[in-house]
Amino acid sequence: MSIRRKLGLGLAILAILATASMGTSAAFAEYPERPITFIVPYGAGGGNDIGTRTWAPYLEQCLGNGATVVVVNKPGAGGEVGFTELANSAPDGYTLGSAATPNMPLGAITREKPTYTVDSFTYVGNLYGSSSTLNVLKGGKFANLDAVIAEGKNRPLTWGMSGFGSDDHLMGLRLMQLTGIKLTFIPLGDAASVRNAILGNHVDLGGLSLAEAAPFQDQLSTLAVAADAQSPVLPGVPTFTEQGIDLIGGSLPIISAPKGLPADIATKLSDCFVSIAKDPKFQADAEQRKLLLIPMDAAQTDAYVRSETATLKTLWETNPW
Amino acid sequence: MSPVIDNLFNALVAVLNWDSILGMVGGTILGVVLSAVPGISATMAIALAIPFTYGMAPLVALGLLAGIHNGASQGGAIPAVLLNIPGTPGSICTAWDGYPLARQGKAGAAIQLAAVSSAVGGMISAVSLMLLAPPLATISLAFGPPEIFWVIVVGLASIAAMLGDDMLKGLIAAGFGLLIGTVGLDNVTGGERFTFGVLELVNGIPELAVMVGMFTLPPAWELVQQFTGAGHPSNIKIEHTAGVWRVSQVWKVWIKSSIIGIVNGILPGSAISAFLAYNEAKRASKTPELFGHGSIEGLAAAESVNNADNAAAMIPTLTLGVPGSNIAALMLGALLIQGFQPGPQLFTDAPIIVYGYSWQMFITSALLILFGGVLANRLFGNILRIPPVMLLPLIICIMVAGSFAAENSMFDVYLAFFFGLVGFAMLHFKFPIAPVIIGVVLGSKAEFNLRVSLLLSGGDPSILYSGPICMVLIAATILLLSYPAISHWRAKRRRLAGGSSPLAS
């Protein structure tokens, strides 16, 4: 062979080796290599949205490698638009989202032709949650919960909620069951619109999460919290239990990926969320944004979703709405 | 008053430091350039920029976003004037008078007028944010689902005033738009409509795909057809011809359009104020026959209303956390990232931020006179030196990129081409295409608010006409719908009164 050919062959072999080595290193390439999309199935400014944007920078720091988390709002149909999109995304770790309870399981249980099931997701973890609260216009028709119940037995009250199957819808349903009041459910699309409708006196009352009710205490009157103890976020607001109604409810955002997420990515994400929950800076941020910390790792989250789904299924089968 | 003045002054000082100025200037230029690409709307420009603001100091981030917001609401006018292709949905009306002006050799002046109109609208809106936010927010609270429904109907009714000669065809076009708007998940019950099992349609047909397809492809084709010997560059020149327009001609239009834009901004759930402002300008004008053929007033109205919407849309966003527009929803996200929660306490807890942002909206609007006008002329004038035969493929490439960018989806690109073909067919059979966009954007919102209103009243339709605001809006709708009939009747009367009327056809 001439020198040229030898050189050419040598370069070719070098190139092949280089590519091959790139190939092998690609298998162990650091995740993430490109931006991660996080789907929030609710409108901007709602509790889920606020929470996600609070922890997103911490996830970026934890994953390292120049990770960016792009938060995308995909509201609609009580969250189902977002859940469906998440379920149908590629399980490559670059699309994550919130498969919130109770909305996500309710969508799978109550629809004739559900677009996803509880098994469509890999459950990665959870950082915070929210209790539902009952709100009316301050200085309006209802001074306290007893007044609401008294009126609600006479005529159907209009209940503003974000959408069918949301945690505020569920709270209304349970309230109807436990107290015998009548409610007409008004889906308004997102939490901020519900709040607006209460403030503008377009609906009688509405369900909001703690984070959504707290900044507006000058104009909103929060009559009860659906938790087992009073919340430091809204001091002085009694729980339902204290007022004789055994109602506890809220929502958890449940950080998820489509099912089939590779185990190494799942572990990496899950470990990050566990460490974020312990980070004092994150805890301070969460407190400032009125988020209730409810940390769970991947296994606990999976177990929680399954048990919630079972409870909701029983509720739907005995008392469908 | 005094704390407000103190805050305004301190905020102005805070905003005039180098970082913030750089953010504002950079943002404005970026906004103008991005929105001049058909398919990249102002919403997309902001969505693209927000992730970059994560690490920035608050006033720098807000300055950048304010610049992009205002720049992007103006930049769409550039291709609208030069090529008859609206760069953003808000520039559809701009093309109607801007392009004829360009064909008359007044392209430079038209772009300058567009820029100044945008600047004026934006500045008036910023002032409303600064001084009137809390009371205006109270007004927006008074608008419940029935009232918002009528606001949207008023928007839909403005189609009637634009239907021109063939009302039936215009109504069919609007109906087609409404039909397109029904595709996807029903917002009230969550049922799928007209999705035919296609997953990508579950979220509905994106309005941008419709707009990009219908408003880009046909004019691009027309452009090529017009120039015999398509190898020669267009004879549209950009020179600044003085004396084409005077402030005295347009200041009334500016004020009225700005008010329309501000009202549209503070009401969550309303959109497309450009058509309303355009119609109002036409109705009040002494020369309505010029509209659509190069009316100065028409161009001024179309451009000032878009920017007037911007700052005002932030009023309910900042005070109530309810976004007044799609961009406001994104800005809400940006504010939350920076750690600011909207609500009545925002003005008292973070006055420098709120008033600073208002100043930034004001300053970036003023910057449009420079960047949207003079610089745009320099930069984009060169587009016209490209021979049309090369321009068409270039525009198609940009159209593909623009329709892909929103959702990273090729499906949107196919949709855009499909609607481009539909647009061709419509124009061939002399159907107007603007009503289609109005139908698409407003139809589903109107339906949602109507159904929620009826849920509120338990099925009793009287909820729709019992409030005072509703009655005012119903009256406005009736007026708008009868406008074509009234103007027809008036023209007839004038003709009968004496054959020497200047408006005799």
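All values reported here derive from a predicted model rather than from experimental measurement. Every chain is numbered from 1, with letters handed out A, B, ... down the list of sequences.
- With chain A as the partner, the residue from B:P146, B:S453, B:G144, B:P316 showing the most heavy-atom pairs under 4.5 Å is B:G144.
- Side-chain contact of A:T158 with A:D204: a donor-acceptor pair under 3.5 Å is present, judged by distance alone.
- A:S132 and A:D168 are not linked by any side-chain donor-acceptor pair at a separation below 3.5 angstrom, with hydrogens and angles left out of the test.
- Per-residue heavy-atom pair counts under 4.5 Å with chain A were compared for B:L330, B:L455, B:L320, B:I463, and the maximum is reached by B:L320.
- Of all non-hydrogen atoms in A:P32 and A:G64, the two that sit nearest each other are CD-O, 4.2 Å.
- Using a 4.5 Å cut-off between heavy atoms, A:N196 contacts chain B through both its backbone and its side chain.
- For the 3.5 Å distance criterion, the side chains of B:S444 and B:E447 fail to qualify, holding no donor opposite an acceptor.
- When heavy atoms are compared at a cutoff of 4.5 Å, B:S457 does not approach chain A at all.
- A donor atom on one side chain and an acceptor atom on the other are found under 3.5 Å apart for A:N103 and A:Y42.
- When side chains are defined from C-beta on, A:F142 counts as touching A:V136, because their heavy atoms get closer than 4.5 Å.
- Heavy atoms closer than 4.5 Å to chain B are found nowhere in A:V72, neither backbone nor side chain.
- If you tally non-hydrogen atom pairs under 4.5 Å between each of A:T68, A:L199, A:V203 and chain B, the highest count goes to A:L199.
- Proximity to chain B is limited to the side chain of A:T115, based on heavy atoms less than 4.5 angstrom apart.
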